[in-house]
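Step one of this worksheet: look at the structure below.
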2 protein chains.
Amino acid sequence: MSTRNAPTLEDVAARAGVSRATASRVINADPRVRDAARAAVSAAVSELGYRPNRAARRLVTRAADSIAVVVPESDERVFSDPFFSGTLKGVTRAIGSLPMQVVLVMGNPDDGDHRMERYLRGGHTDGAIVVSHHQNDNLWRVLAETRLPSVFLGRPYAEEARVPYVDVDNAAGAALAAEHLVARGCRRIGTVTGPMDMSAGQDRLAGWKQAVEQAGLEVTLVEHGDFTAAGGAAATRRLLEGCPDLDGLFVASDQMAVSAIGELGVAGRRVPDDVAVVGYDDSPAATMSRPALTTVVNPIAEMASCAVDLLLRVMDGETVEPEILTTSLVVRESA
Amino acid sequence: MSTRNAPTLEDVAARAGVSRATASRVINADPRVRDAARAAVSAAVSELGYRPNRAARRLVTRAADSIAVVVPESDERVFSDPFFSGTLKGVTRAIGSLPMQVVLVMGNPDDGDHRMERYLRGGHTDGAIVVSHHQNDNLWRVLAETRLPSVFLGRPYAEEARVPYVDVDNAAGAALAAEHLVARGCRRIGTVTGPMDMSAGQDRLAGWKQAVEQAGLEVTLVEHGDFTAAGGAAATRRLLEGCPDLDGLFVASDQMAVSAIGELGVAGRRVPDDVAVVGYDDSPAATMSRPALTTVVNPIAEMASCAVDLLLRVMDGETVEPEILTTSLVVRESA
DNA sequence: GCATTCTGTGAGAGCGCTCTCACAAAGAGA
DNA sequence: TCTCTTTGTGAGAGCGCTCTCACAGAATGC
């Protein structure tokens, strides 16, 4: 065995009394090996505690072996917002049994030491899925420069970013929600938006506005949230101050919607009798909420698997087109 | 450039009119290169969109490049329990600026297709930190067989598992909690335990029992939880049924404690006036809970960084001893 | 002026693996 | 019996990189 280092295939072969090629065949389950040789190699492997060197193997097979899921948000948020767990779960599922690992890269992208940017530039992974991209992170630029195959989950904010992405028709979803409130007879319909530096926030606001306008109602009842529970509660409070007789509310995420309902309760409004509330995401929280949340379905798992699919194709050198999924409304108790 | 493939260092060198060695020096920021050569190489790199081949680099530098954080729990739980986010955050922080990636491997270890075991045996990472190990997962055995450097965060359940681990003195922590309840004047002190197939669950129960016994009180008020909110609520309900005049409660995790307080409220008990409650973890939820939770500090970040430290040493071939951290009690409002 | 350092560079080995190719031995068909 | 497959095996190339070593040329010391 080579000095004091980990055993190599060479060592295994020598111990088993076969060539390196045959040892390799056994390791990789090639059927054309005599049983005796196979047994000898297997024995040598376990005696030596041999583990193949990934780098060497990868160098010759040229297989990609990891993709990054990039989330430019604090770890706090990543772990508290079910959207991210859903995405990560979806990506993991979609990768399925491919021998590839998913690396979660999170944190504020412009956080002093450029950790995230350095990581991405370092070429530690073979591809990237960017999940919660904001206007001011220059992620798409970094990725374009490094030519790292990447797919955005959610349309990139910058118009000029020519990056493949998968998105859901957020505007249509929000319109669905607003139309539902209109059809229910609501006349003073407000909205708690998502962050305005994200395309999802913008699009959901636009969809709401378009539908409310179409119904001939006022589109002034807008307060900005940030997709967190606290932000949603605060926005709801402001909305109620400005318009105490609010009777319909579209909240751009379920997590915010749940806390909006809480806030409405504190203010003495019943849901849906006084104020009808529609959320967005159809997250697990939607069914557990009291009253259960009427919400727009965000097909997170589908988006994730679609993103993986696109990414694998990009990594294959293909040129791919953005993919837009459709949404629907789930009517429960809150509206 | 070699046919249609990604550019190699050779290509960069050729384009810059220098040798491969010099190109490599520029890429790796070796100072001993003429400015002209450096500029030429840099230009070639960006023109060609060159990215170093990780596998090739790794093959020669022999540097480890990824460690797995193994969590034998459903993705649901991993993303809902703050313990895991704390751990993952701690590990990420501890890895710091080392050029190493953290791979999150989660899922039920005996889930039909042995995904987790296959992954671990596949040698996809250079080391593993096992986080929420249960009695029946044979993780320590798999890891021993593959000789993958690994460290348990939380003492492995099996006595015979001679694996390095870092743990906190769970029994002492639980005793602290129980003693606090005793000192407060509680006389009928119950406990909602963690899962009995985890050492943390066992040890916290043992600590509680020892302290309660020492005070000359009954140790029969025990109901088993599973570290989830729902499980904690159910256990509390059972406890209350069996002993309506319960006046002190030690709950083996904050997440369960918060839902226990909710359950006590539903049953018309005031906390801490009727029932004093002590949690375990000192998670963010502890301060946000109403009333704020008196709880045992679980130094998760410290454990994580300690685990990383041990793992790096194991990966270096060192033999390391288990590490046991101490806990303390934070008194807030609930007890 | 000559020996000595320093500086920048290139040639080339070699990391551990897979995989192609050649080839011996054994079996099958004539 | 002689060819023609089939089967199992080994020799050896080569993946893309880093790093040691040797060496030319400039700078320095005496």
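Fair warning: this is a prediction, and the values are worked out from it, not measured in the lab.
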Are the side chains of B:H133 and B:Y157 in contact, using a 4.5 Å heavy-atom criterion? yes

Does the distance from a Lys or Arg side-chain N to an Asp or Glu carboxylate O, for B:R15 and B:D11, drop under 4.0 Å? no

Length of the CG-P vector between A:L59 and C:dG16, whole Å: 12 Å

In this structure, how many angstroms lie between the P atom of C:dC15 and the CG atom of A:D11, rounded? 11 Å

Tell me which nucleotide among C:dC17, D:dC17, D:dG16 gets nearest to the side chain of B:R57. D:dC17

Please report how far the helix from C:dG1-D:dC30 to C:dA30-D:dT1 bends, comparing the axis fitted to its first five pairs with the axis fitted to its last five, to the nearest 10 degrees. 40°

Would a distance-only check, ignoring hydrogens and angles, find a side-chain to backbone donor-acceptor pair under 3.5 Å from B:S199 to B:R155? yes

When the distance from CG of B:L9 to P of D:dG16 is rounded to whole Å, what number comes out? 11 Å

Please name the pair of heavy atoms, one in A:R51 and one in B:T146, separated by the smallest distance, quoted to 0.1 Å. CD-O, 3.1 Å

Euclidean distance, atom CD1 of residue A:I27 to atom P of C:dT18 [Å, nearest integer]: 8 Å

Using OP1 and OP2 only, check whether a side-chain N or O of A:R62 sits under 4.0 Å from D:dG16. yes

Considering all heavy atoms of both residues, which atom of B:R38 and which atom of B:V33 are nearest to each other, and what is their separation? NH2-O, 3.2 Å

Can you check each nucleotide of nucleotides 6-13 of chain C against protein heavy atoms at under 4.0 Å and return B for base, S for sugar-phosphate only, - for none, in 5' to 3' order? --SBBBBB

Without swapping roles, check the side chain of B:N53 against the backbone of B:A55 for a donor-acceptor pair under 3.5 Å. yes

Between C:dC15 (C1') and A:R58 (CZ): distance, integer Å: 16 Å

Calculate the interatomic distance between B:E10 atom CD and D:dC17 atom P; express it in whole Å. 9 Å

Over all atoms of both residues, closest heavy-atom pair of A:P72 and A:H134: O-CD2, 4.1 Å

D:dC17 C1' sits how many Å from B:R51 CZ, rounded? 15 Å

If you compare all heavy atoms of B:A158 against all heavy atoms of B:W140, which two are closest, and at what distance to 0.1 Å? CB-NE1, 3.5 Å

Rounded distance (Å) that lies between atom C1' of C:dC17 and atom CG of B:N53: 13 Å

Is the backbone of B:L88 close enough, under 3.5 Å, to the side chain of B:T92 for a donor and an acceptor to pair up by distance? yes

